[in-house]
Amino acid sequence: GAGKTASLLALVLLTPPSPRRTLVVAPNHLIDQWTACVRAARLSERVLLLSFSELMREWDVHAAYETFETRNVAVCLRGRELRSSPPSAVYEEEFQRVIVDEIQDVGADESNKVVCAIRNVRRAHAWGASGTPIKRTADDLVALLAAIDLRLWDSGGARTTPRELPAHEQRELMERV
């Protein structure tokens with residue numbers, strides 16, 4: 001509807017080329033739309049598309065590999081030979097940016113699997129796209145910023161996330177946005 005996909009891809013095109021790709025994570029029902037737009041913009045080499053469910057599968061592989069690697073040390077000390085599936089390629093690569101489309105659908109709970117999966121992708125930048133960033137209260141927006149692991153500096157100069165800001169600073173942030 002509002003042209004978010006085309007606008008985001010235009011921003012990707014306008015930024016200087018980087019050897020690192022852009023990862024786009026979108027709801028399953030929007031992947032075909034993203035695929036068509038990426039092809040039309042001739043960005044297939046620069047953009048990796050994953051649906052939320054595909055990202056979850058990658059996260060499961062990554063989490064299993066990380067658990068295996070942690071246990072590997074203890075088991076190797078006992079002299080066993082171990083085999084593991086390779087780690088997820090998504091979590092091995094460093095991206096220029098991660099774009100999360102319809103970020104309001106991700107949820108705000110930091111234990112949420114999608115939030116964990118997104119926050120653990122190595123990237124220089126994170127963008128969230130939403131036509132409806134606020135569903136109930138203005139606090140929804142602070143939660144979305146936390147989902148992409150936005151880091152701010154509080155009034156004392158410490159680096160923090162929006163959720164960790166004191167309530168009055170959260171309100172001030174919301175007024176600015």
Chemist: Of the non-hydrogen atoms in S18 and Q96, which two are nearest, and what is the gap between them?
Modeler: OG-OE1, 3.1 Å
Chemist: Could you walk me through whether W34 and V47 pass the side chain to side chain contact (heavy atoms under 4.5 Å, CB included) check?
Modeler: CA-CA 10 Å; W34 271 98; V47 175; 5.7 Å; no
Chemist: State the CG-CD distance between L23 and E58, to the nearest 0.5 angstrom.
Modeler: 9.5 Å
Chemist: If the test is side-chain contact (heavy atoms from CB on, under 4.5 Å), which one of R122, E93, E94, R97 qualifies with R20?
Modeler: E94
Chemist: What is the minimum heavy-atom distance between F95 and V90, and which atoms define it?
Modeler: CE1-O, 3.5 Å
Chemist: Give, for atom CG of L8 and atom OG1 of T22, the distance between the pair rounded to the nearest 0.5 Å.
Modeler: 10.0 Å
Chemist: For A26 and L30, work out which heavy atoms get closest and say how close.
Modeler: CB-CB, 4.4 Å
Chemist: How many angstroms lie between atom OG of S51 and atom CZ of R57, to the nearest 0.5 angstrom?
Modeler: 6.0 Å
Chemist: With a 3.5 Å cut-off and no angle check, do the side chains of E102 and S130 form a donor-acceptor pair?
Modeler: no
Chemist: Mind checking the CD-CD1 spacing from E54 to I31? Nearest 0.5 Å is all I need.
Modeler: 6.0 Å
Chemist: Could you grab the distance from atom CD of Q33 to atom CG of L49, nearest 0.5 Å is fine?
Modeler: 11.0 Å
Chemist: What is the distance from atom CD1 of I99 to atom CG of L48, rounded to the nearest 0.5 Å?
Modeler: 11.5 Å
Chemist: Would you call W127 and I103 a side-chain contact if the rule is heavy atoms closer than 4.5 Å?
Modeler: no
Chemist: For a quick test of reading the model, state the closest non-hydrogen atom pair linking D101 to F52 and the distance between them.
Modeler: O-CZ, 3.5 Å
Chemist: Looking only at heavy atoms, what is the nearest atom pair of R123 and I118, with distance?
Modeler: NH1-O, 3.8 Å
Chemist: Return all side-chain donor-acceptor pairs below 3.5 angstrom for residues 38-46, not counting sequence neighbours, or 'none' if the list is empty.
Modeler:
residue: R46; atom: NH2; partner: V12; partner atom: O; Å: 3.0

Chemist: Have N120 and W59 got a donor and an acceptor in their side chains that come within less than 3.5 Å?
Modeler: no
